[in-house]
Amino acid sequence: MKIHEYQAKLLFQDYHIPIPRGNIAQTPEEARSVAETLGGDTFVVKAQILAGGRGQAGGVRIVHTPEEVAKTAQDLLGKTLITSQTSSSGEKIQTVLIEEGIKIQKEFYASILTDRSAEKNALMVSTEGGMDIEKIASTLPEKILIEHIHPATGILPFQKRKIASLLRLSKQETQEVGELFDALYLLFTELDASLVEINPLVLTKKASFLALDAKITFDDNALYRHQELLSFRDIQSLDESERIAREAGLSYIPLDGNVGCMVNGAGLAMATMDIIKYYGGNPANFLDIGGGARVETIAKGIQILVSDPKIKAILINIFGGIVRCDRVALGIIEALKSVDVHIPLVIRLKGTNSKEAASLLEKSSLSFILADTLSEAAKKAVAAAKT
Amino acid sequence: MKIHEYQAKLLFQDYHIPIPRGNIAQTPEEARSVAETLGGDTFVVKAQILAGGRGQAGGVRIVHTPEEVAKTAQDLLGKTLITSQTSSSGEKIQTVLIEEGIKIQKEFYASILTDRSAEKNALMVSTEGGMDIEKIASTLPEKILIEHIHPATGILPFQKRKIASLLRLSKQETQEVGELFDALYLLFTELDASLVEINPLVLTKKASFLALDAKITFDDNALYRHQELLSFRDIQSLDESERIAREAGLSYIPLDGNVGCMVNGAGLAMATMDIIKYYGGNPANFLDIGGGARVETIAKGIQILVSDPKIKAILINIFGGIVRCDRVALGIIEALKSVDVHIPLVIRLKGTNSKEAASLLEKSSLSFILADTLSEAAKKAVAAAKT
Amino acid sequence: MSIILDESSRIVVQGITGKEGQFHTTQMVEYGTKVVAGVTPGKEGQKVKGIPVFNSVQKAIENEGANVSILFVPPPYAADGIMESAAAGVAWIICITEGIPIQDLIKVKAFLKDTHSKLIGPNSPGVISPGKSKAGIMPGYIHKEGTIGIMSRSGTLTYEAVDQIVEEGYGQSTAIGIGGDPIIGTSYKELLDYFEKDNQTEAVFMIGEIGGNAEEEAALWAKKHFSKPLVAFIAGQTAPPAKRMGHAGAIISNGKGKASDKIKCLQEAGICVVNNPAIMGKTLHEVLNQRR
Amino acid sequence: MSIILDESSRIVVQGITGKEGQFHTTQMVEYGTKVVAGVTPGKEGQKVKGIPVFNSVQKAIENEGANVSILFVPPPYAADGIMESAAAGVAWIICITEGIPIQDLIKVKAFLKDTHSKLIGPNSPGVISPGKSKAGIMPGYIHKEGTIGIMSRSGTLTYEAVDQIVEEGYGQSTAIGIGGDPIIGTSYKELLDYFEKDNQTEAVFMIGEIGGNAEEEAALWAKKHFSKPLVAFIAGQTAPPAKRMGHAGAIISNGKGKASDKIKCLQEAGICVVNNPAIMGKTLHEVLNQRR
């Protein structure tokens with residue numbers, strides 16, 4: 001689960017990670033009032049969307065009077081922001097964050113995340129703050145330090161010295177940044193984050209550290225033990241389809257192709273996308289209905305695919321194991337009573353009770369294209385999408 | 001470093017480990033006043049000494065009125081208590097702890113300590129509270145549970161279930177004792193203890209857990225990071241000789257033999273004791289002067305040995321490595337100017353510059369018995385002690 | 001022989017009294033698996049399908065001599081269940097549970113280093129040595145005893161592969177779902193070592209997917225130490241870059257994890273990579289035929 | 001050959017600018033040890049006896065190719081220094097520092113499991129392969145190159161043993177102080193494995209003492225896997241029971257740790273145990289003579 005910058009900064013405050021003074025607004029009037037309360041002669045107005053790439057897309061603006069703050073908020077609020085990291089339909093701005101302007105001495109990059117290969121958490125630091133970290137990695141890899149964190153020790157003094165050495169910090173600054181990383185790691189582990197990122201982490205002209213930006217992604221599997229975080233969930237920012245998928249417990253990622261697919265199991269789902277491509281088609285999505293395959297879930301899945309205008313044909317590929325294919329077939333028949341499908345539907349049901357399933361489908365009055373093997377199913381779906 | 005029960009209980013309070021209500025007294029009047037404040041009809045008066053085995057030695061008494069509390073305090077304070085775990089000269093009682101009487105349902109044993117073989121901390125629990133745990137281990141080993149604690153996880157739920165199963169606890173009690181052990185482990189690791197022991201840990205008739213006794217030993221090597229604990233140090237309870245040894249940085253353990261020995265290095269010191277025994281003598285002590293061998297240290301060491309009336313001869317055994325023997329010889333000569341030695345002194349200086357050392361000693365006007373090999377030294381010391 | 005499981009494996013089911021646990025215990029017993037005990041704290045004395053339930057894995061071992069555990073324990077308790085099994089000393093722990101928090105798994109991995117137990121999963125369909133024993137949720141009947149070792153990060157895609165391989169006339173020595181989570185117990189690489197030493201296994205089919213670098217590690221190891229034919233399929237050539245971790249995640253994995261990079265790495269190590277998931281069985285057959 | 005250290009060992013001294021570090025660096029260089037770098041955070045660019053000082057072990061490795069580290073770092077910083085060396089990847093870490101808190105060592109041991117480094121000590125006099133290299137504080141001149149491996153928990157008692165063994169005409173392949181602390185890096189048992197594989201080593205002398213069960217573990221291992229003569233002395237037969245841990249400590253070690261129990265266990269494993277520390281050398285000579 002991703003949360004907004006302003007939400008992440010609330011959590012930073014809880015863990016004593018220093019952030020600029022500021023507050024959120026949902027109307028231009030609120031924005032003006034926040035600026036007036038802050039005082040000073042420089043303000044930063046930041047669009048609160050979950051995707052990255054805001055800056056280049058005009059979602060972060062520097063202005064100098066409460067009047068301008070209000071005007072900027074007016075500009076941003078309610079607008080849809082399309083960035084390099086949003087989908088092509090963009091993300092709607094419902095909140096802006098207004099902060100005091102900060103006089104910056106140096107900008108760094110700092111994050112903590114889980115490294116699956118090392119099977120540990122890791123901290124990542126770079127001298128190049130405020131930039132896209134992936135770009136730094138490809139052009140200036142020597143400017144990035146990655147240190148794995150042992151679960152029994154936390155961040156060790158020698159690792160803090162390495163950070164300080166890379167960032168060329170004074171003794172006092174080393175101490176301060178060490179405490180900041182300890183706090184960041186505590187937040188990361190206590191709240192089961194999978195990523196905590198500060199980009200940029202700045203050293204101000206007053207020689208103290210400040211998290212100018214804040215990004216947190218939580219491990220969805222651990223949310224059950226952090227009820228307090230659930231209020232941060234922003235369903236509003238999701239696509240309609242993504243919202244339906246999440247509610248139905250479906251794993252769904254929309255893509256740009258024309259052959260929709262619905263599969264049980266992530267691996268088989270990917271393989272199905274691959275074979276659609278292999279036979280000259282273009283997969284329109286990843287959609288894993290998981291192990292259960294209840295009627296309702298199947299119906300929601302079909303509904304999502306049907307509502308995507310790019311999709312010209314649908315391939316349902318189910319390998320029945322413990323889930324019996326005849327049950328799945330009944331589910332499909334039942335689901336199609338409530339969803340109207342105007343495009344060709346290719347169905348492959350393999351495994352347990354697949355013969356019974358085929359006869360059930362054939363007996364129904366609905367129109368399908370049946371397939372037996374994986375290649376047959378893919379070829380038929382690709383051909384159907386072309387007509 | 002060992003601390004008194006009442007001091008350990010102060011730390012228990014900091015970590016929310018439940019203890020009986022009570023307070024300390026250093027005069028009978030104070031004791032009466034503590035009892036009056038506590039109220040109730042049963043009081044426990046407990047002599048505060050560092051050694052164990054208090055109960056059997058009459059150091060823990062149950063009485064029923066503030067008057068009796070004062071009388072018992074009068075009895076105990078200033079008295080020397082000799083227990084199975086004190087030296088033969090015993091330990092002086094300077095403080096008593098007065099606590100409310102507790103109605104007990106069940107008594108258990110609980111401790112956390114470091115297991116050097118497993119290279120981990122471990123928790124130990126027994127159904128047999130209030131007894132000598134070593135006795136339980138030898139007679140009822142199945143009543144003891146030992147669980148190692150991984151430094152990355154702390155005490156795990158399955159380990160708490162094992163404790164509950166051994167102690168036959170209800171679900172509510174399991175929860176409570178689990179939290180108590182978590183607190184105990186936190187105290188143990190945060191304060192660098194080497195042993196935290198609750199014996200007995202009681203389940204009261206009101207069905208809650210209470211640490212009736214409390215024993216903590218700290219890792220001396222870690223005291224530098226716990227300045228707050230230093231005020232607990234009770235130099236008063238030590239022997240005069242042990243106090244001198246501690247102040248001089250000597251590692252000293254008095255024994256019952258008649259041949260005193262002073263050696264550099266713990267292993268060689270033990271081997272020297274062994275060879276004294278091997279040749280028919282009885283070592284009077286373990287005394288390791290460590291690596292430095294400064295004049296002052298040597299002087300203090302000799303002073304400690306000379307002041308022990310049981311010692312009939314002294315063997316000084318030094319293997320010079322980085323420390324040169326001639327330096328050590330000068331140290332001995334210098335030291336003997338300030339300490340009066342009336343018993344035979346056998347000296348063996350081996351290793352770096354041992355020849356120069358021997359000639360220095362021979363030139364001095366003092367009387368020694370010199371030895372070259374380890375066996376020669378031991379034989380001479382044993383013989384000297386017999387005359 | 002086979003690896004991990006054989007006729008002598010004595011299984012303890014952790015979470016046996018739950019819905020999943022009960023259902024799959026029945027399935028496993030029907031397949032012929034020796035399920036000797038179940039564990040659910042607080043339910044000692046009960047029986048599930050005639051199998052005795054204990055409060056702890058230790059008691060299950062003491063009473064029934066279990067040496068393999070399988071977990072159908074809900075995610076909040078699964079990591080603890082794995083560590084309990086490891087501390088009790090079972091040889092293999094097979095964790096079916098999906099959705100264990102990743103911070104729990106980091107601790108589990110540290111904990112396991114001090115034990116002699118090996119973990120399969122979590123988020124694994126389990127392990128089957130056809131004709132001998134099944135500790136998992138896969139449909140037993142699609143498998144056939146034979147000479148092919150199968151290891152996979154996925155469930156249904158493995159069934160697809162098994163189906164195709166059986167179609168070509170081959171059975172399996174052991175088929176293992178290593179688990180779909182980012183952090184898992186036993187890797188492809190480690191399993192290859194077991195397959196190398198297993199007499200029954202003549203060839204191995206590896207089903208990989210995008211993410212991590214477990215397939216690459218296995219390939220580098222295989223190049224040096226694996227003497228049997230190895231055929232692989234990598235799912236996810238058309239999958240979008242993982243959304244979950246964002247950009248920082250891509251850096252920490254050194255840009256690894258893409259299907260195309262994986263395929264290149266495997267091919268460079270001399271491994272035959274199938275590029276069409278419909279011909280996994282056929283390709284394996286061809287490779288084995290060429291060798292003969 | 002010898003073990004741990006030889007002519008090619010390139011030593012980095014952690015804490016080189018301290019009093020102890022400087023003194024022993026000089027001693028080691030005089031013995032002929034290749035001390036190639038020193039480390040003291042914040043003192044990069046300085047030199048000690050011509051040896052360059054770096055801010056981190058990693059830089060010492062990158063610049064000078066160090067592969068063994070020795071620590072003269074004060075106790076509060078020593079555990080961190082060990083872990084720094086391990087993360088940087090030196091093969092052997094030799095920790096002289098005495099007085100490291102035991103909770104630090106528990107973490108160090110967990111940390112080392114994920115690295116390829118081996119630790120000697122802490123509270124060790126170090127390691128010497130006479131005639132080749134010395135990384136420690138022992139007087140080099142009492143040693144002589146030869147065929148006897150020595151391993152000990154003590155300092156000066158080892159010098160005594162070395163002296164007696166040289167007196168009998170034998171030299172040493174490698175002499176190792178494994179460290180006097182309750183929790184240490186490399187055990188007797190592990191070192192025996194190295195000595196077994198070392199051509200130069202013809203016999204091993206083990207100097208043990210009361211406490212723990214490291215000697216017993218070594219004896220049990222040696223019985224099965226060690227083919228060379230093994231002679232031992234156990235110090236502390238007359239020592240009082242350890243006062244430090246009290247009674248609970250005695251239980252956790254299963255009543256082990258007494259000299260008499262150790263001696264019995266060693267003798268049962270067929271190891272010759274010297275009962276008089278004055279004849280350690282002589283006994284070794286007799287054992288070797290009998291074998292010839």
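Residue numbers start from 1 in every chain, and the chains themselves are labelled A, B, ... in the order their sequence lines are given, proteins ahead of strands.
When side chains are defined from C-beta on, A:Phe209 does not count as touching A:Val202, because their heavy atoms never get closer than 4.5 Å. The shortest side-chain heavy-atom distance between A:Tyr109 and A:Leu201 does not fall under the 4.5 Å cut-off.
Atoms CG and CD1, on D:Leu5 and D:Ile11 in that order, are 5.0 Å from each other to the nearest 0.5 Å.
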Short donor-acceptor separations (under 3.5 Å), chain A to chain D:
from, atom 1, to, atom 2, distance (Å)
A:Lys120, NZ, D:Asp114, OD2, 2.7
A:His150, NE2, D:Ala110, O, 3.3
A:His150, NE2, D:Asp114, OD2, 3.3
A:Phe158, N, D:Asp80, OD1, 3.0
A:Phe158, N, D:Asp80, OD2, 3.2
A:Arg161, NH1, D:Asp80, OD2, 3.1
A:Arg161, NH2, D:Asp80, OD2, 3.3
A:Arg161, NH2, D:Glu84, OE1, 3.0
A:Lys162, NZ, D:Gln58, OE1, 2.7

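No side-chain donor-acceptor contact under 3.5 Å links A:Asp219 to the backbone of A:Asp192.
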| Verdict with supporting geometry, A:Lys106 and A:Glu128, salt bridge (charged side-chain N to carboxylate O under 4.0 Å, His left out) | CA-CA 9 Å; A:Lys106 287 182 194 167; A:Glu128 311 301 293; over 6 Å; no

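For the set A:Ala164, A:Pro157, A:Ala152, the count of heavy-atom pairs under 4.5 angstrom toward chain D peaks at A:Pro157.
Scored by the side-chain hydrogen bond (donor to acceptor under 3.5 Å, both in side chains) test, A:Lys46 finds A:Glu5 as partners (sequence neighbours excluded).
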